[in-house]
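Report on the following structure.
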Amino acid sequence: MKKLNERKASGTFRRLYADTGLVDFASNDYLGFARIPVEDHTYGQGSTGSRLISGNHPLFEAAERSISDFHGAEAALLFNSGYDANVGLLPALLERNDFIFYDASVHASIRDGIALGKAKGYKYDHNNLDSLKTRINNVLGDRIPENSEVYVISETVFSMEGDGPDLQALSTYCKENGFRLILDEAHAVGVLGPQGRGAVVQAECGDGVFARVITFGKALGCHGAAVLGSKLLREYLINYSRSFVYTTALPPASVNVIIQAYERLKGDLGADALERLNANIDIFRRRQQDLGLSGYFIPAMAAIQCCEVGGVEQVRMLAEDLQSMGYDVKPIRSPTVPRGRECLRFSLHAFNTEEEITGVLTILEKSLKKMRV
Ligand SMILES: Cc1ncc(COP(=O)(O)O)c(C=O)c1O
C-alpha cells in the first residue's frame, strides 16, 4: 500500500479517534441538538427498501412538506445524507452538452457529483463573482449554446472557511443570464436566517436559486438531507437520481427524528439555542480582536471560524497544544484543503461558555507566539 506510506510520510495520514471528552470546538452540532436523547419508540428501525419499492412510509412526505414550507421552497426530496444528495442531484442533472461552474472551495461531495455527471466542469476563484464571470465569458462567450444548460454551484457557508458568497449578487447574475444556481446550505441551516431557515431565506434570493441542498447532520443534530426546488425537479430526481432510487430509504424512526428536530428549531428551544450561538460567535470574534489574532482568521459570520496557519506540521502542533489543554480543535490538512492552506477549524456552539472561548483563544495566541508562525 504505497499510497498509505506516502500519506504517512507527508503527515496527512488519517486515523479514527474515539470521543475525546474534550471541550467541543470540532463537531457540527452547532445548536447542541445532537445531545438531546431520543425517547420515541413509535417507529421501526428499518424502512424495508427503496422508497420506490416498499420504503415510502407516510412520514417521508409529511416531513418533505413541512421542510419545504419552512425553507420557502416549492418542494423537498429527502436523501440519506448530504453526500448522497450531492452525488444524486448533480449527475442526474448534468448532461453532455451542459456546463457547470463551481467555487474552488466546494465540498468533496459536490466535486464527486460533478465528476459523476457528463457535463464539463470549470472552477472559479473562491467567493469571487468577477472570476466566475470571466470564466463563463472565456468558456461560453456571450451566449449559451443550443441544447445546453449552464449551472453554477457554491456553498452558502463554506465547510472549511466558514465564509460565503454575496448571495444577492450571485443569484441576480445567474437569474439575469439564465444560469441555474445550486447552493449547498449544509452549514447555514439552523445557523443563519430567521429561525435558522438558511442563508437563501436570509438574503431573500430564493427566486434566483434553482436548487438547494440542506443537511440534517449538522445544526439539526440528526442525520439525512434534502434537495429543495420545484415540484418538477422533485419528480425528476425521483426518476433519475441514482442515490435516491437505488438505496434503502432512511428508517421511519430517523425521519421522525428529523421532524422533531425541525419542531425544536421552530420552538423556544431553537430560538434560545440560536441566540446563544450568535452570542458565542460575537464573543469569539471580539476575543480574536482583543488577542490580536484577527489577521489569522478568515472573516466569517457563521459558526465555523477558520484560523489559517499553513503548513502540515504547524497545524498539527497547534492542534496538539490545544487538545493537551482540554480543547477539541481539529487540524484541517490536505487533501481536504490545498497544500499550504492548512488551517485550524473552530466550530462554535450554543453550549460553549465564554470561559471556554477565552481559554481556547488564549492558548492559541500563546502557541502561535511560541511557534512564531
Ligand atoms: C458543504 C457540505 N455539503 C455536504 C456535506 C455532506 O453532508 P453529510 O454529512 O450529511 O453527508 C457536508 C459535510 O461535511 C458539507 O460540509
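Residue indices begin at 1 and follow the sequence shown. Remember, predicted model here, so these are calculated numbers, not experimental data. Start at 1 and go down the list; that is how both ligands and their atoms are numbered.
Of the options E354, E355, E356, a salt bridge (charged side-chain N to carboxylate O under 4.0 Å, His left out) to R287 is made by E354 and by none of the others.
Residue contact check for ligand 1: A225 places no non-hydrogen atom closer than 4.0 Å to it. Note on ligand 1: K218 sits in its first shell, one or more heavy atoms being nearer than 4.0 Å.
Scanning all protein heavy atoms for the shortest distance to atom 16 (O) of ligand 1 gives H187 NE2, 2.7 Å. Protein heavy atom at the shortest distance from atom 6 (C) of ligand 1 is Y83 N, 3.4 Å. The protein atom (non-hydrogen) at minimum distance from atom 3 (N) of ligand 1 is D184 OD2, 2.6 Å. The protein heavy atom nearest to atom 5 (C) of ligand 1 is H107 CE1, 3.5 Å.
Interface atoms of ligand 1 facing A186, defined by a heavy-atom separation under 4.0 Å, are 1 (C), 2 (C), 3 (N), 15 (C). For ligand 1, the atoms lying closer than 4.0 Å to a non-hydrogen atom of S159 are 16 (O).
Residues Y151 and I182 come closest through the heavy atom pair CD2-CD1, 3.9 Å. Scanning all heavy atoms of the two residues, the minimum distance from I363 to D321 falls at CG2-O, 4.4 Å.
To the nearest 0.5 angstrom, S47 atom OG is 11.5 Å from L59 atom CG.
Checked against a 3.5 angstrom limit, the closest N/O atoms of G82 and ligand 1 fall inside it.
Ring geometry for F284 against F297 counts as perpendicular: the plane angle is over 60°, on a 0 to 90° scale with 30° as the lower cut.
Atom CD of Q168 is surrounded by more than 12 heavy atoms from other residues, nucleotides or ligands within 6.0 Å.
With 3.5 Å as the limit, one finds a donor-acceptor pair spanning the side chains of T48 and S54.
Counting heavy atoms closer than 4.0 Å to ligand 1, residue S81 contributes atoms from both its backbone and its side chain.
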